[in-house]
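Encoded as structure tokens, the structure appears first; notes follow it.
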Amino acid sequence: MIDRDSEQTAGQTARQIAAQAQGLVKVYGNGAASVRALDGVDLAVEAGRFTVVMGASGSGKSTLMHCLAGLEKPTAGTVTVAGESLGSLSDKRLTMLRRDRVGFVFQAFNLIPTLTARENILLPLSLAGRRPDPAWWDLIIGRLRLEDRLDHRPGQLSGGQQQRVACARALLGRPTIIFADEPTGNLDSRSSGEIMTLLRSSVDDFGQTVVMVTHDPVGASYSDRVVFLADGRIVEDATDVTVADILSRLARLQPATAETGGS
Amino acid sequence: MLRYALRNLLARKARLGMSLLSIALGVAFLAGVLTFDHGLRHTFDNILDGSTPDAVVRVAGADQTSGQATTATLTPEDVARLAALPEAAAAYGNVVGHGVSLVGHDGRLVGGNGAPTLAFNRTASRNLLGEPIMQLQQGHWPQGPRDLTMDARAADRAGYRIGDEVTLVVPTSALVAHLRLVGTATFTGGGTAGAILLLVSTQGAQQLFLGGRDAYSSVDLAAAAGTSPDQLVTAARRVLPSGFEAVTGKQAVDEAQDSIGAVLGAVTTFFLVFAGIAVIVCGLLILNTFTILVAQRTRELAVLRALGASRAQVSRSVLIEASVLACVATMLGVVGGWGLARGLAAAFAALGLEIAGSALTLTTSTVVLCAVVGITGTVVAAYVPARRAGRVPPVAAMQVTAPTGAGTRQRLLIAGALLAVGVLAATAGLTGVWGHRSLWVGGAGVVWIVALATSCGTVGRPLLALLREAFTRLFGVTGQLGGQNALRDSRRTGATASALMIGMAVVSTISILAASLNRSVDDLVDQNFAADFIVTSPAYTPFPTSIGDRLATVEGVGLVVRQQVAQATLDGRSVMIDGNDASFDRIYRLDILAGTPRLDAGQALVDSDTARAHGWRVGSGFTVQFPGLHVLRLHVAGIARTSQVTAPISVPIDDLAAAGVARQDSAVSILLAPGADAHAVHQRLDAAIADVPVVSVQDKAQYAAAIHGQVNQLLYLIYGLLALAVIIAVLGIVNTLGLSVVERTRELGLLRAVGVSRVQLRAMITLESVATALLGAALGVVVGLATGVLLRQALSDDITSLDVPVWQLLVFLAGSVAAGVLAATVPAVRASRLDVLQAIATE
């Protein structure tokens, strides 16, 4: 089966929780122009599960993910990833953490246009000066059906293919957690379905932890758990939801968002 | 990361083309100068090695490279005694002529523009390498007193063939000698660097140069087998007459190399300064290019950071890109520089200064130095953008627009501080508290340039805003957009403009100095010079006294005053001494502070600076030593205010002759007889020397114009050298515009979509370019104006009058507009050809 040694050792201290936020506050700007993007968020992301964060534009869902991924420093509160508290880490340690423990899938794919698909997938490992485990490489490339596309440049690939390359890039390092930021935002519905199936199976088959931010109820329905955000706070937290569930919850949230937005 | 950097480089070939070209140009300039310098040195080394014997007996105490003639000679008995020494294999008496000129077949002077015409007797002497100094090419060596053999190249230049009668101007009363060309020879050492070699028989040389006396000016010694040159010299010293010294060939070569090296060193430094300016301008272009590339790549760099690249890794990738670029450009530049040196040598050869082509090789040190300058220069310039790349926040990978750092205030503070430092330096220079005044002011100029280069974008904002208004008025909305584009990232515009500013600042400074120098010459000639005509040779070299004798007999000439400039030593230091005819105070308007300018034998007129330095008053005595160990005892008869028309010490001209200096004239000044017609006399003077084209008779206006011509020649040379810096700066504008067009593809497409025509789009980009060029030129002219005026003030001893060439400065500004239009051509055409739909779809 799949070799999960590194996951095991890393997970010793936080077997259940891959990433955790406590009392997270993020304020942009200062004085009258300040915006409170996160207003006291507590969230524990369980390992080996697929967690989705939903919310309207400006609800703070992207900021939450940036903070969890160590891309932004919170104004207050703590973030722990793979048992390490991010607040005390230097830029260097934070970089190492991103490199070794975190994977990213972006809305805009963000492949390096001058590198081939293969080189893009290998990029995080080569940044760390490591080589991939051949069996793991074959497994991922096969599962993502990228064998014929490895020597193409991103410009020669379709959107769905590019995002598959991005997923392979995230999976190859076997990170503690993968953050996906609207991964289907730039894709048609067929490609979207493909990517979501892929993320789902990475959780089921490889025990990968995935956190995804999305607008898309269909995408969210692939998850184990959906966290709804409004005005920087968690307002709902549901497990094993269907598309209909999500739509009704979103509909319920809508007026509340309008009210608080207006006040 | 290495692969990432290399891929980026390949993917952006076109964007880096201008940077590549500019580094290559800068390095080519440097390599060209160094190679040419090496070739020149090699040529002179060959000349020295090829013409110096084992040991030489020569007049003592002479500055060997000044070429000053003395009247001291050796007798045939002296030569015989030297030849009889057991340490000597042979001794060859040399008879060397000074003040000889070759007149070409067409009656015009050959050479005379710096490289000497050397006339000497042909001997069998051999050089340090044991080779004959000259090798016969055609015909035979001179035998009779009327025979002449000359170097083949000179014969070619003069248009003579064997058997022709050759005209020489010689320092005898006849002034002109006609000799028969019996052979041509080549110099064993290779190129003669433009020198003309004339070989005559010993008897002929004695007739031409020594009034027929059987005597010699120096002796070449060849060492006997098993004798070292040192032993030979020691032996020779025992039999030498006084006033002469014996030195080894090696010592003679070393001395000559030192003094030639000093001159060549100054020339090389002069060229290197301009190479340095070009390299600095290059550096600015690199800095700008990489800043823009990093800004355009922000998102990609952020992705790298998000994927776990450290700051250092990201910075390094930019530096790797820069160094690979630099390596390629340096290689191209070095090869280009070698070609440049070949071209320069060809140009010099056309002027008669041939440089051995074999000496124009790329030496290891040249290649290493060029590589060091090219690569470190590029990497240093790319360092700031590379650091900025490392600081891109990873979260920028997920944001649409990346925040850019401000820091304008900090830059303004630095610029302000630098400006103040410059003012302090200039004040120090003008008050002359310590050291060289002009160096202080020049330093201030450099500091000001740096200050403006760091703050160009901020300081230039008001000017750019003004230009936007002007463009709006003139060209409507197209003008407004163009002006606004220059203003929107004023730091980028400023950085681009500052490259041009540097070139313009130096050009303006130089033009002010040159104009002031010309004005000073006019004023000097007008106010301090009373002569109606001045007779000089083109290169201000001395000429035979018989020319003055002839001119004195011309009808309508009232007074002829001769002047000879001689070199002597005073307290162990070299000093210039003027020998003047008695009535020289009628030619020069001197400000006599004490005593009288009417000098008797043994009396001197000294200038006030020299008098102060030595504590002399009227009546003080001092001695100066001339070559051949002749000592002249002098008393101060008068003190004149220091001016440019006299040397520090002036003595009666006959005293120079008494001190063993061979009489020649450096200048002859002529006053008209009362009532004589200037025009008619000028014609008669010209006619009197028509057969000796070594000098020209000029009135005051012509004389000033001739000096202007020389000043302007230097000025144009400097302009030519600065042109490279300006070209690189214009390349920088092309580069920035090109990158901006790529960056704004979407915006340009949008403009086209809403109805902006291609012509309007081109106009918009051209106006942005013009605004950039004008900003650079205007700031450059302002700095140059300030520096030039202050520098003139600091140099007011030499450049007595100030002249600001307003028209010229306006032409520079107009030229920068033209450069702006030119620079915009390619980017504007590219922008106007964008496919509208594709452009809008571009992210």
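Below, chain A is the first sequence line, B the second, and so on; all start at residue 1.
Only the side chain of A:Glu119 comes within contact range of chain B, with at least one heavy atom under 4.5 Å from a heavy atom of that chain. At a 4.5 Å heavy-atom cutoff, the contact between A:Asp181 and chain B is made by side-chain atoms alone. Interface residue B:Arg305: backbone and side-chain heavy atoms are both found under 4.5 Å from chain A.
Contact count versus chain A (heavy atoms, under 4.5 Å) is highest, among B:Ala302, B:Pro394, B:Ala312, for B:Pro394. Annotation: maximal heavy-atom pairing with chain B below 4.5 Å, among A:Ile112, A:Val102, A:Asp100, occurs at A:Ile112. No other option in A:Lys92, A:Arg169, A:Gln107 has as many heavy-atom pairs under 4.5 Å with chain B as A:Arg169.
Heavy-atom minimum distance, B:Arg7 versus A:Thr116: NH1-N, 4.0 Å. When all heavy atoms of A:Arg99 and B:Gly308 are compared, the closest pair comes out as CD-O, 3.1 Å. Heavy-atom minimum distance, A:Phe106 versus B:Ala306: CZ-CB, 4.1 Å.
Under the 4.0 Å criterion applied to side-chain N and carboxylate O atoms, B:Arg391 and A:Asp91 are not assigned as salt-bridge partners.
Taking 4.5 Å as the limit, some side-chain heavy atom of B:Leu304 sits within range of a side-chain heavy atom of A:Leu123. Proximity of B:Ser310 to A:Met96: side-chain heavy atoms (C-beta onward) are nowhere separated by under 4.5 Å.
Note on residues 325-336 of chain B: no pairs pass salt bridge (charged side-chain N to carboxylate O under 4.0 Å, His left out), not counting sequence neighbours. Pairs passing the ring-ring contact (aromatic ring centres under 6.0 Å, His included) check and including a residue from residues 153-181 of chain A, sequence neighbours excluded, do not occur.
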Under 3.5 Å donor-acceptor pairs involving side-chain atoms of residues 56-64 of chain A, not counting sequence neighbours:
{"from": "A:Ser59", "atom 1": "OG", "to": "A:Ala56", "atom 2": "O", "distance (Å)": "2.7"}
{"from": "A:Lys61", "atom 1": "NZ", "to": "A:Gly55", "atom 2": "O", "distance (Å)": "3.2"}

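Contact annotation for residues 152-168 of chain A against chain B (heavy-atom separation below 4.5 Å, listed by residue number): A:Arg153.
B:Gln313 contributes a side-chain N or O that, together with a main-chain N or O of A:Leu127, makes up a donor-acceptor pair within less than 3.5 Å.
More than 12 non-hydrogen atoms from other residues, nucleotides or ligands lie less than 6.0 angstrom from CZ of B:Arg758.
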